[in-house]
Engineer: 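Before we start, here is the structure in question, set down as structure tokens.
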Amino acid sequence: MLLGIVCIVGHSSFSEAQTPVYLDETKPMEQRIEDALKRMTLDEKIAVIHAQSKFSSPGVKRLGFPDLWTDDGPHGVRPDVLWDEWVQAGQTNDSCVAFPALTCLAATWNPDMARLYGESLGEEALYRKKSVILGPGVNIFRTPLGGRNFEYMGEDPYLASRMVVPYVQGLQSKGVAACVKHYCLNNDEEYRHQVNVIVSDRALHEIYLPAFRAAVQEGGAWSIMGAYNLYQNQHNCHNATLLNKILKQDWGFDGVVISDWGGCHDTDEAVKNGLDLEFGTWTDGLTMGRTNAYDSYHMAEAYKQAIKAGKYTTKELDEKVRRVLRLFFRTTMQREKPFGFLCSESHYEAALKIAQEGIVLLKNEGSLLPLDLSKIKRILVVGENAIKMMTVGGGSSSLKVQREILPLDGLQQFVNRKLSNCKLDYARGYVGDTIQSFDGVSVGRSLYDTRTPAQLMAEAVEKAREADVVIFFGGLNKAAYQDSEGHDRQQYGLPYGQDALIEALVKVNPRLVYVNISGNCVAMPWLQKVPAVVQGWFIGSEAGEAIASVLCGDVNPSGKLPFTWYASLDQCGAHALNTYPGTWRDGHQIIDEEYKEGLFVGYRWTDRLVLEAKGKTAKQKATPLFPFGHGLSYTTFQYGKVSADKNTMTAKDKITFTIPITNTGDRAGAETVQLYIRDVKSSVERPVKELKAFQKVFLQPGETRQVSLTIDKSALSFYDDRIASWTVEPGDFEGLVGSSSGQIAGRYPFKFQ
């Protein structure tokens with residue numbers, strides 16, 4: 001059983017007496033770790049705690065540990081790059097399936113989809129011999145201008161927590177480590193290495209940490225990636241409070257803290273403050289060709305020489321190595337791994353199903369959707385996003401896919417399969433970002449177009465006059481300053497003159513369907529004039545097929561927004577209080593960004609705005625375009641009366657709320673029932689309500705189901721920063737049940753004592 005490992009290290013045989021104890025798989029893992037640690041030299045220990053290439057770190061060949069290979073990303077396995085460069089290696093066997101971006105996954109509100117996602121991605125990673133996938137991301141949406149929001153799971157800590165746990169479990173069930181990122185408070189892309197976040201302990205623990213905590217304590221994450229930004233004036237990749245105290249001491253994390261690429265800045269802090277494995281530090285060796293450039297990392301030669309000089313003992317080093325060895329045994333040294341698959345039918349099916357469940361029907365006046373192809377003779381498709389690949393670009397989540405079905409192609413294929421006489425026409429309408437390549441991957445049709453904006457609009461408007469229905473594919477893309485790593489958005493409105501184009505189109509043809517392709521919300525000044533709006537996300541390889549199946553009614557949409565869709569930035573606390581993007585310190589290259597809105601992120605802020613507004617006009621001004629949790633269906637659902645199994649709850653109890661849900665339409669469909677908790681009176685300021693449970697139910701026409709949602713005292717608790725502990729106060733509470741944060745169907749009062 002051990003001969004395979006023996007062959008890896010180049011020995012022809014070992015006698016039983018010579019076989020190292022740590023290779024004996026009958027021994028407990030921790031015993032094998034300690035045995036290996038004792039056998040390692042100082043050079044070997046230093047080697048395993050920093051990179052040897054862009055995405056790999058060395059194992060210990062002498063002892064039979066193979067190299068550790070990491071890879072982006074959260075939405076698909078990134079193509080291999082050259083050893084020292086970001087440029088793709090030009091291989092022909094590293095194309096992948098692109099799964100929907102994590103905003104779409106969160107919009108499914110279905111933990112089963114998260115588990116499917118993790119398992120499918122894990123199988124692709126296994127085939128590509130990757131041991132660590134750098135994801136998922138669970139940073140909280142603080143502002144819709146965040147360039148990397150599309151990689152995360154929305155604004156609510158509870159929703160993100162429930163979705164990240166099965167993702168991590170599914171991925172790691174394949175022997176591939178999740179590296180949950182970016183820990184934490186990583187809500188800016190501009191100057192991301194310089195932002196020092198100032199946030200209250202309550203907001204930190206109640207809003208920004210819960211998803212990471214769930215990933216660690218419930219999901220069992222094997223690795224965590226530190227963030228670029230600072231907290232308490234220390235970079236988060238070596239932060240004493242976040243890594244040593246909260247992550248490792250309070251949460252009991254036994255995995256590896258991996259730096260974001262270039263996120264390590266100081267040897268002393270890295271040694272003392274919890275970093276275990278350093279990647280991507282920028283050195284002269286990588287730019288000027290010096291050999292052994294990786295020895296210039298903060299936890300490489302400098303650390304070794306400091307140990308030899310007596311500045312450090314090997315206590316901290318051994319703890320880092322111990323964690324890295326644990327990661328080896330969980331991944332590279334795990335013998336009973338399942339088989340990996342690349343671009344399998346099951347992975348495309350998973351990508352399609354997740355996309356279909358995550359697409360959100362935001363508005364549907366007059367039941368314009370679903371499109372009845374038997375009654376439509378001509379559909380005009382407008383917009384660059386109908387023909388632009390979205391799997392390429394955007395930073396580290398950029399992929400090289402085996403295929404990406406574009407929206408225009410997906411619609412045409414759907415029409416052809418239905419043998420419909422409906423004719424599809426296309427007009428570009430606007431030119432935005434024509435780049436179809438990233439780091440050496442170049443794919444997709446040419447988007448080069450020399451026509452002026454006026455000419456493009458005129459063509460689209462003229463064709464729209466003759467169409468029965470116009471479908472506009474607009475929104476954002478993966479270009480810089482849109483939905484992309486490295487920069488935040490510079491405006492809330494749509495780019496490339498899309499607003500004017502939409503106004504012109506709807507003026508000549510009121511039967512307009514707007515499909516927004518993005519990972520963020522956008523301003524919609526024309527919303528009252530457009531009868532149907534769909535949020536289409538960045539949904540990967542099966543994008544066109546998924547969108548067509550929803551628009552044409554083969555799939556009944558069931559997605560719900562994982563964030564609040566603001567009418568304007570004034571409805572977002574970070575912008576209303578002018579705390580984003582922070583201020584430069586005098587004389588220092590640091591930006592201090594104070595989260596003055598505290599707990600009041602997303603719907604927590606708009607709920608308070610509406611509550612405090614005086615008069616109907618003020619309340620309307622405070623109300624977002626679409627509330628958190630909003631999403632329509634092609635059928636209708638009726639909520640019955642809320643009941644509960646008790647009126648009084650104690651610390652040892654749980655309380656279960658039950659509500660009957662009936663599908664009152666003529667189509668099968670799914671509804672996500674959401675439970676929010678309101679603390680009627682508290683000694684500290686609390687949000688109006690907070691999501692604490694949800695369940696997605698699938699119902700046939702006329703079917704009624706009793707939906708039960710159970711909570712314990714943790715759902716009533718707040719983080720009391722006066723005693724640094726979670727607290728629940730006796731008193732009156734309410735359970736609020738509804739279809740979104742803005743549509744509460746029933747209330748149930750109860751007491752905690």
Engineer: Taking Gln232 for the side chain and Gln234 for the main chain, is one N or O donor matched with an acceptor at less than 3.5 Å?
Structural biologist: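 Not a single qualifying donor-acceptor pair exists.
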
Engineer: With Asp276, which residues qualify under salt bridge (Lys or Arg N to Asp or Glu O under 4.0 Å), at least two apart?
Structural biologist: Lys248

Engineer: Does Asn273 use its side chain to pair, donor to acceptor, with the backbone of Thr241 at less than 3.5 Å?
Structural biologist: no

Engineer: Checking the side chain of Trp109 only, and the main-chain atoms of Lys560 only, is there a donor and an acceptor separated by less than 3.5 Å?
Structural biologist: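 Flag set: sc Trp109 to bb Lys560 pair under 3.5 Å.
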
Engineer: Between Trp526 and Tyr514 (judged by ring centroids, cut-off 6.0 Å), do the two rings come close enough to count as a pair?
Structural biologist: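 That pair passes the under 6.0 Å test.
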
Engineer: Given the side-chain rings of Phe563 and Trp537, with only the six-membered ring counted for Trp, is the space between their centroids under 6.0 Å?
Structural biologist: yes

Engineer: Is a side-chain donor or acceptor of Thr564 paired with a backbone partner of Tyr566 at a separation under 3.5 angstrom?
Structural biologist: no

Engineer: Taking the cut-offs as 6.0 angstrom to the six-membered ring centre and 45 degrees off its axis, would you call Lys478 and Phe538 a cation-pi pair?
Structural biologist: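 The answer is yes, since Lys478 meets both limits relative to Phe538.
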
Engineer: Taking the side chain as every heavy atom from C-beta outward, state whether Ile677 and Leu716 have any atom pair closer than 4.5 Å.
Structural biologist: yes

Engineer: Check Val360 against Gly631 and note the closest heavy-atom contact, atom names and distance.
Structural biologist: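 Where Val360 meets Gly631 most closely, the heavy atoms are CG1-CA, 3.8 Å.
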
Engineer: Is the centre of the Trp584 ring less than 6.0 Å from the centre of the Tyr191 ring?
Structural biologist: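 Centroid separation for Trp584 and Tyr191: below 6.0 Å.
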
Engineer: Does the cation-pi check pass for Arg142 over Tyr580, that is, NZ or CZ under 6.0 Å from the six-membered ring centre and within 45° of its axis?
Structural biologist: no

Engineer: I'd like to know if Lys388 and Glu384 make a salt bridge, using a cut-off of under 4.0 Å between side-chain N and carboxylate O.
Structural biologist: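 No, Lys388 and Glu384 are not salt-bridged.
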
Engineer: Which atom pair, heavy atoms only, marks the closest approach of Cys179 to Ile224?
Structural biologist: SG-C, 3.7 Å

Engineer: Under the criterion side chain to side chain donor-acceptor pair (under 3.5 Å), I'd like the reasoning laid out for Asp156 against Tyr603: C-alpha separation, chi angles, the key distance, then a yes or no.
Structural biologist: CA-CA 9 Å; Asp156 185 75; Tyr603 70 88; 2.9 Å; yes

Engineer: Got a second to check how far Arg604's CZ is from Ser741's OG, nearest 0.5 Å?
Structural biologist: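 Reported value, rounded in 0.5 Å steps: 10.0 Å.
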
Engineer: Do the side chain of His238 and the main chain of His265 share a donor and acceptor less than 3.5 angstrom apart?
Structural biologist: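 Judged by distance alone, yes, a pair lies under 3.5 Å.
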
Engineer: Carefully, step by step, assess Asn516 and Ser518 under the rule side chain to side chain donor-acceptor pair (under 3.5 Å).
Structural biologist: CA-CA 6 Å; Asn516 190 69; Ser518 76; 2.8 Å; yes

Engineer: Determine yes or no for a side-chain-to-main-chain donor-acceptor pair under 3.5 angstrom, with Gln674 supplying the side chain and Gly738 the backbone.
Structural biologist: no

Engineer: To the closest 0.5 Å, what do you measure between CG (Leu494) and OH (Tyr492)?
Structural biologist: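 OH of Tyr492 is found 10.0 Å from CG of Leu494.
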
Engineer: Please report whether the ring centroid of His487 lies less than 6.0 Å from that of Tyr481.
Structural biologist: yes

Engineer: One thing to verify: whether Arg608 and Glu597 come together as a salt bridge, which I'm taking to mean a side-chain N less than 4.0 angstrom from a carboxylate O.
Structural biologist: no

Engineer: Rounded to the nearest 0.5 Å, what separation is found between the OH atom of Tyr430 and the CZ atom of Phe472?
Structural biologist: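 Answer for the OH-CZ pair, Tyr430 versus Phe472, is 5.5 Å.
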
Engineer: Is the NZ or CZ atom of Arg678 both under 6.0 Å from the centre of the six-membered ring of Tyr676 and within 45° of that ring's axis?
Structural biologist: no

Engineer: Strictly distance-based, threshold 3.5 Å: is any side-chain N or O of Lys713 a donor or acceptor partner for the main-chain N or O of Phe752?
Structural biologist: no

Engineer: For Leu527 and Val533, work out which heavy atoms get closest and say how close.
Structural biologist: CD1-CG2, 3.7 Å

Engineer: Is a side-chain donor or acceptor of Asn196 paired with a backbone partner of Ile590 at a separation under 3.5 angstrom?
Structural biologist: no

Engineer: Would you give the length of the straight line joining atom CZ of Phe600 to atom CZ of Arg686, rounded to the nearest 0.5 angstrom?
Structural biologist: 10.0 Å

Engineer: Could you check Ser397, Ser396, Ser484 and say which one makes a side chain to side chain donor-acceptor pair (under 3.5 Å) with Arg148?
Structural biologist: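 Of Ser397, Ser396, Ser484, side chain to side chain donor-acceptor pair (under 3.5 Å) with Arg148 is met by Ser396 alone.
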
Engineer: How many angstroms lie between atom NE2 of His630 and atom CD of Gln535, to the nearest 0.5 angstrom?
Structural biologist: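 Between atom NE2 of His630 and atom CD of Gln535 there are 11.0 Å.
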
